[in-house]
Protein chains: 2
Amino acid sequence: MKTSIHEKIIDTASNLFYIHGYHSTGINEIIAKSGIAKATLYGHFKSKEDICIAYLNHRHDGFMKSLEEFVGRRKKGKNQLLAIFDFLQDLYREDHFNGCWGIKTLGELSPKEKKILEVIQKQKKELLLFLGEVVGANIANLSKAEIERISSGLYLLYDSAITESHLFKNDWPIFMAKSIAPSLFADLEVE
Amino acid sequence: MKTSIHEKIIDTASNLFYIHGYHSTGINEIIAKSGIAKATLYGHFKSKEDICIAYLNHRHDGFMKSLEEFVGRRKKGKNQLLAIFDFLQDLYREDHFNGCWGIKTLGELSPKEKKILEVIQKQKKELLLFLGEVVGANIANLSKAEIERISSGLYLLYDSAITESHLFKNDWPIFMAKSIAPSLFADLEVE
DNA sequence: AAAACAGTAGACAGACCGGTCTTTTGTATA
DNA sequence: TATACAAAAGACCGGTCTGTCTACTGTTTT
């Protein structure tokens, strides 16, 4: 079965939004590149904003799924705690790497585009939560506050690594972030 | 003497670009809000892109000047090394805080807007360099590589703190970044 | 007084925006 | 075969985009 039109739209819009930016990409460009009619697009999505949200969710879901698998394949301990940086290194090496879709889109938002902002916040909170699970599973006897401290530290390092490696077109921020991360749990028993 | 038209344009455009975004702000909005004629604007800047670059430089120069003064007013040692996070805390509390203008604009760029990208890269390198000076002035006997490691660590923490505090509309990333930073120079003699 | 200049006001060009609507085509189901 | 439906194609709407150009108004300088 060929991919559905719905998926085709999301896929095309994703590439255009991610590479050229949300506001710089027009509806006409999306329909032209995906080879569908305008009426068809508006039968599947009621507005450009909705396509943007579908784009963000598409990227985020794929990212989270891959990340979870990647971390799961690793041996427990430091390997799992630092896995996100190696995962990012793979991401960085992919074609058309352009940083974080969420942070990129955040930069484009005007105060009225509140729905999109909320989607980005929710996704980042999901990532924070996942990192919290990884921390809890790999370091023994942590309080909730300690888990939060370590996971949000990992989160900050990850997010700056993805944004700065994109800005400088260089992966030193990824190495740097990974080398700073262990100090977050230096004096703790990593399983 | 009243502010010159040139400065008035930059000032108006700065506010609009920073709050509503670069692509979402039109030339007509800029001339309406600054009360000048369109021909006047195009007498001072040859394109919207040039206004964007003037906006970025305007913000960056003001930021660097204030930061340098802020750091200089501090006692040497840890106080100076961590000053940037307190400086950011002040920034965060200002009205209309909207994160980092550079990273925001970076998110809007399509591959063809190379000139603007280069301006952002240059500004961030300037910040890196300044942080390197602060590190060198406050920790004794460091090799060039060690200075680079510590200053780029501070830089990554600072940049994620500004972006994430904007994203979440909360200053926990600033506190978190400041609390992680000392581990960068934990075993070194801070003057 | 005359010329030069800096600014205002706004028409205009040509392209593009998001979004709606009508008409036509092809296909699947009853 | 008849009906229903999904999609294609693209005209069209009102509006906005960057950027240019003309015509006019003051002020300053020669």
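Computed from heavy atoms alone, side chains included, the values below leave out hydrogens, waters and symmetry copies. As the structure is a computational prediction, the values presented were derived from the model and not from experiment. Residue numbers begin at 1 in each chain, while the letters A, B, ... track the order of the sequences.
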Rounded to whole angstrom units, what separation is found between the [atom1] atom of [X] and the [atom2] atom of [N]?
X	N	atom1	atom2	value
B:Glu49	D:dC17	CD	P	18 Å
B:Ile30	D:dG19	CD1	C1'	13 Å
B:Ile31	C:dT8	CD1	C1'	10 Å
B:Lys38	D:dA23	NZ	P	18 Å
B:Ile27	C:dC16	CD1	P	18 Å
A:Glu7	D:dA7	CD	P	13 Å
A:Ile5	D:dA8	CD1	C1'	10 Å
A:Lys8	D:dA7	NZ	C1'	15 Å

Quiz item: Which of parallel (below 30°), tilted (30 to 60°) and perpendicular (above 60°) describes A:Phe168 and B:Tyr155?
Solution: tilted
Does a side-chain N-to-carboxylate-O contact under 4.0 Å join [X] and [Y]?
X	Y	result
A:Lys124	A:Asp159	yes
A:Glu118	A:Lys114	yes
B:Asp171	B:Arg93	no

Quiz item: Using a cut-off of 4.0 Å on non-hydrogen atoms, how would the nucleic acid contact of A:Gly35 be classed: base, sugar-phosphate, or nothing?
Solution: sugar-phosphate
Strictly below 4.0 Å: does [X] bring a side-chain N or O up to OP1 or OP2 of [N]?
X	N	answer
B:Thr40	C:dG7	no
A:His44	D:dA6	no
A:His23	C:dC17	no
A:Asn28	C:dC16	no

Self-check item: Out of C:dG19, C:dT8, D:dG19, whichever nucleotide has its closest atom nearest the side chain of A:Lys48
Solution: C:dG19
Self-check item: Which nucleotide in D:dA8, C:dG18, C:dG7 has an atom nearest any side-chain atom of A:Ala37
Solution: D:dA8
Practice problem: Identify, between A:Ser24 and A:Ala39, the residue whose nearest nucleotide on DNA chain C lies closer to the 5' end. | Solution: A:Ser24
Practice problem: Check step by step if side chain to side chain contact (heavy atoms under 4.5 Å, CB included) holds for A:Thr163 and A:Lys104. | Solution: CA-CA 9 Å; A:Thr163 297; A:Lys104 260 178 79 76; over 6 Å; no
